Amino acid sequence: NMKWWNYLLIIFFAVLILAAVLHSNGYALSVTGAINKMNVEVDEIYYDTQYKDSTVLIYRTDNLLCDGVVDEISFLYHWNFSTCSAEFIQTFNEEASTSISNHQPHFWEGDNDYITIASGVIYNDAITAINVVFKNEQVPAEIIDTTYGRIWFAFSSEPVNYTPELVFSY
């Protein structure tokens, strides 16, 4: 009977140590917890979706449009990476800004696993739709009205190391 308690204590302390190690490495029980754990500054989340076994967020921090990836590993979440590069304040004479992000997920096995996002801020109010022309595909962009202005984004099925062409509809 005493052996049973010893095994139970060993299992309890092993779980406690595992939880402490995961907690100290940025793992959390929710997407929000993972964001907070890594001290990522998020002022407003505009969009979140499941894509290639990860949670992809389109969000704002200060005056920047950002995209980020949260990996789900079993029942835990871990902030992977984010990119913030499109400004809500127009700095160039352009109809819409363009930013490209190639996020490498936690369980990366090759180029097909990258999470590639093209995104930007729409400065011309007359634009009603955007098609993003990648090398091997043309993707209609999702457009979202935000309190800071309109944004657009689209996913590419393969990594991108160039600025895709934007085709506007008015």
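Worth saying up front: this structure is predicted, and the values here are computed from it rather than measured. Start at 1 with the first residue, then count along the sequence.
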Under 3.5 Å side-chain donor-acceptor pair for Asp71 and Ser54: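 There is such a pair (donor and acceptor under 3.5 Å, judged by atom type) between the side chains of Asp71 and Ser54.
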Between Glu87 and Ser97, a side-chain donor and acceptor under 3.5 Å: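 No, because no side-chain N or O of Glu87 sits under 3.5 Å from a partner of the opposite role on Ser97.
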Neighbour count above 12 (heavy atom, 6.0 Å) for Tyr170 OH: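 Check passes, neighbour count above 12.
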Qualifying salt bridge (Lys or Arg N to Asp or Glu O under 4.0 Å) pairs with a residue from residues 92-101, counting only residues at least two apart or across chains: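 Found none.
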Salt bridge (Lys or Arg N to Asp or Glu O under 4.0 Å) pairs, two or more places apart, involving residues 55-70: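 Checked against salt bridge (Lys or Arg N to Asp or Glu O under 4.0 Å) - neighbours excluded - the pairs reaching residues 55-70 are Asp43-Arg60, Glu44-Arg60.
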Pairs where residues 70-103 contributes a residue and the test disulfide (SG to SG under 2.5 Å) is met, not counting sequence neighbours: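 Every disulfide (SG to SG under 2.5 Å) pair that includes a residue of residues 70-103, provided the two are not neighbours, is Cys66-Cys84.
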Shortest non-hydrogen contact between Trp152 and Ala118, atoms and distance: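 Scanning both residues completely, I find the closest heavy atoms to be CZ3-O, 3.5 Å.
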Closest approach of Thr116 to Pro159 (non-hydrogen atoms, all atoms of both residues):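 Heavy-atom minimum between the residues: OG1-CA, 3.3 Å.
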Verdict with supporting geometry, His103 and Ile117, side-chain contact (heavy atoms from CB on, under 4.5 Å): CA-CA 8 Å; His103 297 285; Ile117 307 164; 3.9 Å; yes
Sequence neighbours left out, cut at 3.5 Å: what donor-acceptor pairs do the side chains of residues 125-135 make with other protein atoms?
| from | atom 1 | to | atom 2 | distance (Å) |
| --- | --- | --- | --- | --- |
| Thr128 | OG1 | Ser169 | O | 3.1 |

Using the side chain to side chain contact (heavy atoms under 4.5 Å, CB included) criterion, which residues pair with [X]? Sequence neighbours excluded.
| X | answer |
| --- | --- |
| Thr146 | Tyr46, Phe88, Ile144, Tyr148, Ile151 |
| Asp53 | none |
| Ser82 | Tyr59, Trp79 |
| Asp145 | Arg150 |

Residues in side-chain hydrogen bond (donor to acceptor under 3.5 Å, both in side chains) contact with Asn93, at least two apart in sequence or another chain: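 Per chain and number, Asn93 pairs via side-chain hydrogen bond (donor to acceptor under 3.5 Å, both in side chains) with no residue.
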Pairing residues for Ser156 by the side-chain hydrogen bond (donor to acceptor under 3.5 Å, both in side chains) criterion, not counting sequence neighbours: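 For Ser156 the side-chain hydrogen bond (donor to acceptor under 3.5 Å, both in side chains) partners, ignoring immediate neighbours, are Glu137.
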Nearest-0.5 Å distance that lies between atom OG1 in Thr32 and atom CD1 in Ile45: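 Reported to 0.5 Å precision, the distance equals 6.0 Å.
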Sequence-distant partners of Phe168, ring-ring contact (aromatic ring centres under 6.0 Å, His included), two or more places apart: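 None.
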With Tyr123 via ring-ring contact (aromatic ring centres under 6.0 Å, His included) - residues at least two apart: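 Per chain and number, Tyr123 pairs via ring-ring contact (aromatic ring centres under 6.0 Å, His included) with no residue.
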Side chain Thr61, main chain Glu41, donor-acceptor under 3.5 Å: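 Side chain of Thr61 to backbone of Glu41, a donor-acceptor pair under 3.5 Å: yes, one is there.
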Main-chain N/O of Gly33 paired with Ser30 side-chain donor or acceptor, under 3.5 Å: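 Yes.
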Heavy-atom check, side chain of Val56 versus side chain of Ile115, under 4.5 Å: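 In contact.
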Any Asp48 side-chain heavy atom under 4.5 Å of Val31 side chain: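 Side chain of Asp48 against side chain of Val31, heavy atoms only: no contact under 4.5 Å found.
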Residue from Val69, Val42, Thr49, Ile35 passing side chain to side chain contact (heavy atoms under 4.5 Å, CB included) with Leu57: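 Answer after filtering Val69, Val42, Thr49, Ile35: Ile35.
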